[in-house]
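Before we start, here is the structure in question, set down as structure tokens.
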Amino acid sequence: MNVHNNLGELLHTKPLPTGSLKVSVDIALEKDALLPHPDDVSDATLLGDAIGSFVAWPTDLIIVGYETPTKSKAKDKGIAREIESVASQKEIPVAKKTEISKRTGAKKKNPSKYRACLHTYLETTDISDGCVRLIPMDGAIFGFEYAEPLGKEDFDQILYHTQLSVGVINTYMRYLYDKLMGPRGLEQRFSFLNPMKTNLTEMIRKPDEVRTYVVERFMADTDREKLFFLPFNTGDGGHWLLVAINPFKEIVYYLDSLHNDWTTYPAMKTIVDTSIQTVRAQRKIQVPKRKANNITWNRVECPRQRNNIDCGYYTLRFMKETLLMDRTDIPSDYFDEYRCAYYSKDQLDEIKEELCQFIIELQAL
């Protein structure tokens with residue numbers, strides 16, 4: 001099979017089913033296998049009936065970049081065959097999972113399937129010319145509605161594993177909201193603070209505006225206890241870390257993959273502390289003066305990064321794993337189920353695959 005389409009292309013004058021691509025069928029090892037989407041126009045229902053024609057094929061049954069006898073031409077930057085450009089590959093061969101297993105003797109998951117798909121899509125768009133794509137952000141995610149722009153630099157960060165931008169971080173947070181929080185009802189126990197509004201640069205330049213935003217988020221739902229995720233950036237493309245705040249218990253969890261202390265960022269600590277104190281006052285909670293500043297900060301012994309670019313991926317995993325645990329308290333030595341010295345390549349690649357699959361499903365390209 002060969003992939004032929006961009007997202008949004010028609011198949012026999014009809015829109016493609018959601019989550020599918022237009023492919024041509026060249027050969028079929030199992031001619032009696034049912035097509036995932038029978039063709040109403042040609043009346044084809046079996047794979048053998050579709051040989052020589054185009055059909056809709058689900059993206060999760062497509063593996064892009066399967067090895068062929070042709071030699072890869074992507075030598076200049078050492079780009080792997082699975083993410084080589086369309087220009088050098090002409091048409092990218094793909095294969096059914098059952099077909100792959102017969103050739104190799106085992107069913108092996110392609111760890112970069114969606115990254116390869118995304119790379120292929122990008123080659124057919126105007127992203128490389130400086131255009132951007134907008135990711136809609138519902139008001140429930142960050143407390144205000146807007147569209148997050150993603151450009152070539154953002155997509156390259158995912159594809160080539162470089163330092164993550166705020167746009168990529170926010171897009172993954174929408175993924176967590178859509179795929180974890182919503183289906184599991186976790187939005188009742190967890191919320192996000194937008195790092196675009198709460199990075200170190202903003203805290204230093206506009207502390208009152210930042211504090212107002214944080215307090216409004218804390219006070220938006222005062223009838224239940226919540227844990228608020230603040231992916232904190234040190235500014236100007238700097239280091240990412242996670243601050244998880246329970247404003248009603250007045251506990252702050254500090255997860256830094258460099259294992260620094262929160263005293264490294266006094267402006268951030270001041271904003272968080274004064275926001276919690278403001279919420280306390282608005283809720284008319286009385287505390288003795290000697291305890292007015294007794295906000296608990298817990299430094300969590302989380303997995304530690306081993307280079308200078310993984311901090312964004314670590315921060316995203318910290319949020320994901322906390323949601324999967326469905327706990328508003330984070331143990332000082334981290335969760336037993338996810339405790340490790342550092343994250344493996346596969347664990348970081350998992351974040352990238354989730355991002356790529358989500359962007360493809362959104363049909364944002």
Side-chain angles (χ1 to χ4, degrees), residues 1-9 16-23 56-67 72 74 77-95 97 109-137 147-176 178-179 309-310 312-313 316-317 320 345-365:
M1 294 182 183
N2 290 299
V3 174
H4 288 267
N5 76 299
N6 303 332
L7 288 179
E9 186 168 333
L16 284 163
T18 301
S20 297
L21 297 178
K22 176 180 174 183
V23 303
W57 204 267
T59 56
D60 61 351
L61 296 181
I62 294 176
I63 298 178
V64 179
Y66 183 74
E67 287 188 4
S72 170
K77 294 185 178 180
I79 301 174
R81 175 68 184 177
E82 65 211 24
I83 55 173
E84 184 182 342
S85 72
V86 172
S88 64
Q89 291 191 45
K90 304 302 181 184
E91 286 186 328
I92 298 180
V94 300
K97 287 181 177 178
K109 183 178 179 181
N110 185 345
S112 60
K113 178 175 68 172
Y114 289 105
R115 275 172 286 160
C117 286
L118 183 63
H119 185 275
T120 301
Y121 298 154
L122 291 174
E123 289 290 331
T124 67
T125 71
D126 54 7
I127 295 292
S128 60
D129 297 326
C131 295
V132 301
R133 295 298 183 267
L134 300 178
I135 306 297
M137 295 290 176
E148 186 70 56
L150 294 181
K152 184 178 185 302
E153 184 176 325
D154 302 298
F155 291 115
D156 284 349
Q157 291 165 7
I158 306 171
L159 295 174
Y160 303 113
H161 196 93
T162 58
Q163 179 84 320
L164 296 183
S165 67
V166 67
V168 175
I169 296 288
N170 285 344
T171 300
Y172 190 80
M173 292 166 80
R174 183 190 157 176
Y175 162 81
L176 291 176
D178 286 7
K179 300 298 185 179
I309 61 174
D310 283 349
Y313 298 99
L316 297 180
R317 280 206 70 95
K320 175 184 175 180
K345 179 180 181 298
D346 288 344
Q347 287 174 303
L348 301 184
D349 284 348
E350 182 178 82
I351 298 294
K352 290 181 279 189
E353 282 294 282
E354 289 167 343
L355 270 166
C356 291
Q357 182 178 2
F358 185 59
I359 292 169
I360 291 170
E361 289 178 352
L362 288 176
Q363 300 192 21
L365 301 178

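Just the heavy atoms: all of them, side chains too, but no hydrogens, waters or symmetry mates, feed the values below. If you read the sequence from its start, that first residue is 1, and numbering goes on from there.
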What donor-acceptor contacts under 3.5 angstrom involve side-chain atoms of residues 148-156, with partners at least two apart or in another chain?
{"residue": "E148", "atom": "OE1", "partner": "Y146", "partner atom": "OH", "Å": "2.5"}
{"residue": "E148", "atom": "OE1", "partner": "N170", "partner atom": "ND2", "Å": "2.9"}
{"residue": "K152", "atom": "NZ", "partner": "D156", "partner atom": "OD2", "Å": "2.7"}
{"residue": "D154", "atom": "OD1", "partner": "S165", "partner atom": "OG", "Å": "2.6"}
{"residue": "D154", "atom": "OD2", "partner": "G151", "partner atom": "N", "Å": "2.8"}

Fill in the blank from the handout: Value for CG (L316) from CG (L176), rounded to nearest 0.5 Å, stands at 7.5 Å
Completion exercise
Hits for salt bridge (Lys or Arg N to Asp or Glu O under 4.0 Å) against E350, two or more places apart or cross-chain, chain-then-number order -> R317, K320
Fill in the blank from the handout: Heavy atoms of V168 and L164 approach each other most closely as CG1-CD2, 3.9 Å
Problem - side-chain hydrogen bond (donor to acceptor under 3.5 Å, both in side chains) partners for Y313, two or more places apart - result: none
Practice task
With the side chain counted from C-beta on, respond yes when D126 and R133 share a heavy-atom pair under 4.5 Å apart, and no when they do not.
Solution key: yes
Fill in the blank from the handout: All heavy atoms of L348 vs all of H161, minimum pair found to be CD1-CE1, 4.0 Å
Exercise for the section: Of all the heavy-atom pairs spanning I309 and Q163, show the shortest one and how long it is. Expected result: O-OE1, 3.3 Å
Fill in the blank from the handout: Closest heavy-atom pair, I169 versus G312, reported as atoms and distance to 0.1 Å, is CD1-O, 4.0 Å
Handout entry: Sole candidate of Q357, K352, E354 that passes side chain to side chain contact (heavy atoms under 4.5 Å, CB included) when paired with Y114
Key = Q357
Practice task
Check whether any side-chain heavy atom of I158 sits under 4.5 Å from a side-chain heavy atom of C356, and report yes or no.
Solution key: yes
Completion exercise
Across all chains, not counting sequence neighbours, the ring-ring contact (aromatic ring centres under 6.0 Å, His included) partners of F358 are Y175
